[in-house]
Amino acid sequence: MPTWCTIAAQRRVLGVVHNVTAATRLLDVIDLVATDERVQLDFTVPGSSAFTSGTHEFLAQRGVPVLPWTKAATYTYDLAVAASLGGDLGSLQAPLFVLPHGLGYNKFLRNPKSEIRNPKSVFGLSPEWLFDEHGRLIPDVLVLSHEEQRSRLRRDCPAAAAVSMVAGDPCLDRMAASTPLRAEYRHAFGVETGQRLVLLSSTWGPRSLFAGGMALMRRFTALALDDYQVVLALHPNVRAWHSPWQVERWLLECAQAGVTVLPSPDGWGAALVAADAVVGDHGSVTFYGAVLGRPVLLASAPLDAVAPDSAIGRFLRAAPRLDDHRDVTEQIEGAIAAYSADRFAPITALATSAPGESAALLRQRLYQLMRLAEPAWPAEVRAMEIPHAAQRAVGAQLVRAELMDDKSVLITRYPVSALDPAEGLPTGTHLVTHSEQPVRRHLELAEIVVVSRSAVAVEVLRGLPGCALATARESDGTWVVITPGGDRVRADGLLGTAGRLAASVVHAWLAAGRPLDELPSRMGVQRGSQCSEVVFQVESGG
């Protein structure tokens with residue numbers, strides 16, 4: 001290996017990245033040594049995972065160069081760190097430090113390259129994962145999050161228990177550190193006062209929440225827009241297997257209905273901190289939600305896919321199920337109302353044996369393996385990154401605007417997915433659609449169209465004879481509502497994309513047979529638990 005460089009590092013460490021899922025955990029932990037100028041990091045991808053696709057791109061986006069596996073295996077390192085098992089890890093010339101890339105070791109998964117054929121093999125705790133074909137133990141250190149896992153390891157693979165260490169859960173520690181900033185995360189996801197954030201979480205595989213298909217997803221796109229924000233977190237393996245493009249197309253309707261589909265493989269932590277409820281499956285994220293004190297509903301709970309005595313196995317047997325035949329809103333509110341922290345405490349306590357201490361424990365062991373003194377500064381726990389521009393505006397909305405009196409309007413909004421394609425608009429509602437890539441049927445049914453600028457409003461309305469009003473956001477942030485005849489109503493007070501609701505207020509006024517020139521200068525708008533005042537100024541089109 002070349003010796004010339006700018007900084008003469010004293011130790012060389014290899015990060016072994018099996019897939020994107022493992023990369024997120026590895027990069028979290030590797031920072032415990034990567035900030036030390038005495039340590040130089042290399043990274044390699046063994047290519048053994050069925051979900052390797054996208055891993056090189058993920059690393060490249062973060063400025064991480066990848067050393068070919070064939071080269072990495074010929075070099076001598078002071079330490080190698082992996083957040084998964086599989087591949088020819090035994091060929092590495094370095095002490096191997098293996099981390100879990102989720103909540104411990106729970107799932108049954110057979111190693112396709114092993115001669116052992118055990119259908120109840122727990123990934124990371126069974127001999128077929130921990131020994132190579134020559135019968136040699138692969139990891140020099142196997143990290144566990146709880147003593148419960150060590151008990152299972154002693155039973156199923158006692159020879160590996162000697163190299164295990166219980167170091168807590170660094171990801172859970174990060175989420176716990178983020179909890180005081182919950183209001184910041186909720187703001188980033190566009191959650192308004194009185195709204196609930198519902199996190200849909202799916203692991204990978206044919207029995208996951210996502211495998212339930214778009215019919216399941218559509219049940220959550222029908223939630224009232226002013227009462228709920230919905231966020232979907234997918235296991236990175238879903239995109240790695242099907243391709244990001246394909247998954248995006250499958251979820252297009254959900255995204256257009258206002259569901260925030262997390263693009264980042266590590267954005268789920270922020271969403272969990274922000275969430276009011278979690279709907280999930282047998283993946284780690286669902287259980288993390290319970291550990292953080294979030295009410296949980298299981299959309300999928302394959303008991304035979306996980307070790308029954310693992311933390312997640314116990315949780316699947318105890319947690320409430322999502323009922324396919326009951327109203328989703330009723331079930332979410334019921335789960336929140338019935339939630340008790342004590343109910344799952346004996347199970348959620350199995351998440352970590354060292355709460356808040358994982359970074360310190362891991363760093364101490366990493367430096368011992370490198371035979372290097374720890375830095376003088378403490379091993380810090382960093383809060384989750386606050387997501388930016390996470391929320392996507394709803395393209396088409398079904399709106400019910402009811403005049404309560406001459407001074408106030410009650411508005412209820414749903415994504416257009418709540419509209420039955422075989423029927424017209426429900427009585428007392430109107431459709432609002434955006435001019436950006438609308439569906440033709442929505443244009444034909446729309447009574448309000450959101451346009452890019454007010455100057456084109458009358459011309460657009462001329463092409464849509466069934467449309468009553470157009471609305472546009474002005475450069476100063478106010479909104480203007482335009483009639484087919486060119487009359488304009490300037491509206492102020494409803495912020496951001498909610499300003500489009502001014503057009504629904506005007507629509508309700510006109511639908512009640514009231515003349516535009518008698519529109520009150522101030523009206524109260526209630527939507528969900530939000531109460532706002534909108535200020536109107538009627539301008540004749542001349």
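Excluded from the calculations below are hydrogen atoms, water molecules and symmetry mates; all remaining heavy atoms, backbone and side chain alike, are included.
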Tyr288 vs Asp169, side-chain hydrogen bond (donor to acceptor under 3.5 Å, both in side chains): CA-CA, chis, key distance, verdict: CA-CA 11 Å; Tyr288 276 131; Asp169 189 317; 2.6 Å; yes

side-chain contact (heavy atoms from CB on, under 4.5 Å) between Trp268 and Ser284, worked out: CA-CA 11 Å; Trp268 57 267; Ser284 294; over 6 Å; no

CA sep, side-chain torsions, deciding dist, call: Glu474, Ser454, side-chain contact (heavy atoms from CB on, under 4.5 Å): CA-CA 8 Å; Glu474 301 287 67; Ser454 59; 3.4 Å; yes

Intermediate values then yes/no, side-chain contact (heavy atoms from CB on, under 4.5 Å), Ser178 and Leu181: CA-CA 6 Å; Ser178 306; Leu181 300 176; 5.5 Å; no

Verdict with reasoning, Ile448 to Leu431, per side-chain contact (heavy atoms from CB on, under 4.5 Å): CA-CA 7 Å; Ile448 298 174; Leu431 187 66; over 6 Å; no

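When side chains are defined from C-beta on, His235 counts as touching Thr21, because their heavy atoms get closer than 4.5 Å. Residues Met217 and Val259 have side chains not in contact (no heavy-atom distance under 4.5 Å, counting atoms from C-beta outward). No side-chain heavy atom of Leu469 sits under 4.5 Å from any side-chain heavy atom of Ile482. At a threshold of 4.5 Å between non-hydrogen side-chain atoms, the residues Phe189 and Pro387 count as touching. Side-chain contact between Thr55 and Val20: present, with at least one pair of heavy atoms (C-beta onward) separated by less than 4.5 Å. A 4.5 Å side-chain heavy-atom check between Glu447 and Leu425 finds at least one atom pair inside the cut-off. Contact check for Val247 versus Trp245: no side-chain heavy atoms found under the 4.5 Å cut-off. At a threshold of 4.5 Å between non-hydrogen side-chain atoms, the residues Val506 and Leu516 count as touching.
When atom types are taken as modelled, the side chain of Thr221 and the backbone of Ala257 share no donor-acceptor pair closer than 3.5 angstrom. Side-chain N or O atoms of Asn237 include none that pairs as donor or acceptor with a backbone N or O of Ala240 at under 3.5 Å. With hydrogens and angles disregarded, no donor-acceptor distance shorter than 3.5 Å links the side chain of Gln537 to the backbone of Val489. Remark: side-chain polar atoms of Thr471 are paired, donor with acceptor, to backbone N or O of Val480 under 3.5 angstrom. The closest donor-acceptor contact from the side chain of Asp281 to the backbone of Thr203 lies under 3.5 Å. Judged by distance alone, with hydrogens and angles left aside, the side-chain atoms of Arg500 form no donor-acceptor pair with the main-chain N or O of Ala472 at under 3.5 Å. Checked by atom type and distance alone, the side chain of Thr193 never pairs as donor or acceptor with a backbone atom of Ser529 at under 3.5 Å. No donor-acceptor pair closer than 3.5 Å links the side chain of Glu533 to the backbone N or O of Gly493. No donor-acceptor pair closer than 3.5 Å links the side chain of His442 to the backbone N or O of Val416. Using a distance-only test at 3.5 Å, with no hydrogens or angles considered, no donor-acceptor pair links the side chain of Arg462 to the main chain of Ala457.
The structure places OG of Ser435 at 9.0 Å from CG of Leu443, a figure rounded to the nearest 0.5 Å. Going from atom CD of Glu380 over to atom CG of Asp31 covers 12.0 Å, rounded to the nearest 0.5 Å. The CG atom of Asp406 lies 7.5 Å from the CE atom of Met523; values are rounded to the nearest 0.5 Å. The distance from atom NE2 of His282 to atom NZ of Lys107, rounded to the nearest 0.5 Å, is 4.5 Å. Taking CZ of Phe220 as the reference point, atom CG of Leu199 lies at 10.5 Å (rounded to 0.5 Å). Interatomic distance, Asp492 CG to Asp476 CG, rounded to the nearest 0.5 Å: 7.5 Å.
Between Arg382 and Asp173 there is no salt bridge, since no side-chain N of the basic residue sits under 4.0 Å from a carboxylate O of the acidic one. Using a 4.0 Å cut-off between a side-chain N of Lys or Arg and a carboxylate O of Asp or Glu, Arg239 and Glu248 do not qualify as a salt bridge. Salt-bridge formation is not detected for the pair Arg219/Asp327: no Lys NZ or Arg NE/NH1/NH2 atom is positioned less than 4.0 Å from an Asp or Glu carboxylate oxygen. With respect to the salt-bridge test (charged N to carboxylate O, under 4.0 angstrom), the residues Arg174 and Asp28 qualify.
With hydrogens and angles left out, the side-chain atoms of Ser504 and His430 include a donor and acceptor closer than 3.5 Å.
Shown here for Val458 and Thr483, the closest heavy-atom pair between the two residues is CG2-O, 4.1 Å. For Val450 against Trp479, the heavy-atom pair with the smallest separation is CG1-CZ3, 4.0 Å. Between Asp227 and Gly528, the closest heavy-atom pair is OD1-CA, 3.3 Å. The minimum heavy-atom distance between Glu385 and Tyr185, with the atom names listed, is O-CE2, 3.7 Å. A pairwise comparison of heavy atoms in Asp276 and Arg196 identifies OD2-CA, 3.2 Å as the closest pair. Taking every heavy atom of both residues into account, Ser202 and Phe210 meet most closely at OG-N, 2.9 Å.
Between Trp204 and Phe51, the distance separating the two ring centers is shorter than 6.0 angstrom. For Phe123 and Phe108, the gap between ring centers reaches or exceeds 6.0 Å.
Geometrically, Arg62 engages Phe58 in a cation-pi contact, judged by NZ or CZ lying under 6.0 Å from the ring centre and within 45° of the ring axis.
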Could you pull out every donor-acceptor pair under 3.5 Å between side chains of residues 293-302 and any protein atom, sequence neighbours left out?
unit_1 : atom_1 : unit_2 : atom_2 : d
Arg294 : NE     : Leu272 : O      : 3.1
Arg294 : NE     : Ala275 : O      : 3.1
Arg294 : NH1    : Leu292 : O      : 3.0
Arg294 : NH2    : Val273 : O      : 2.9
Ser300 : OG     : Arg207 : O      : 2.4

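Residue Asp226 is tested with Gln530, Arg527, Gln195 for a side chain to side chain donor-acceptor pair (under 3.5 Å); the sole match is Arg527.
Counting heavy-atom neighbours within 6.0 Å of Glu330 CD, excluding the residue itself, gives a total above 12. Around atom CH2 of Trp250, more than 12 heavy atoms belonging to other residues, nucleotides or ligands sit under 6.0 Å away.
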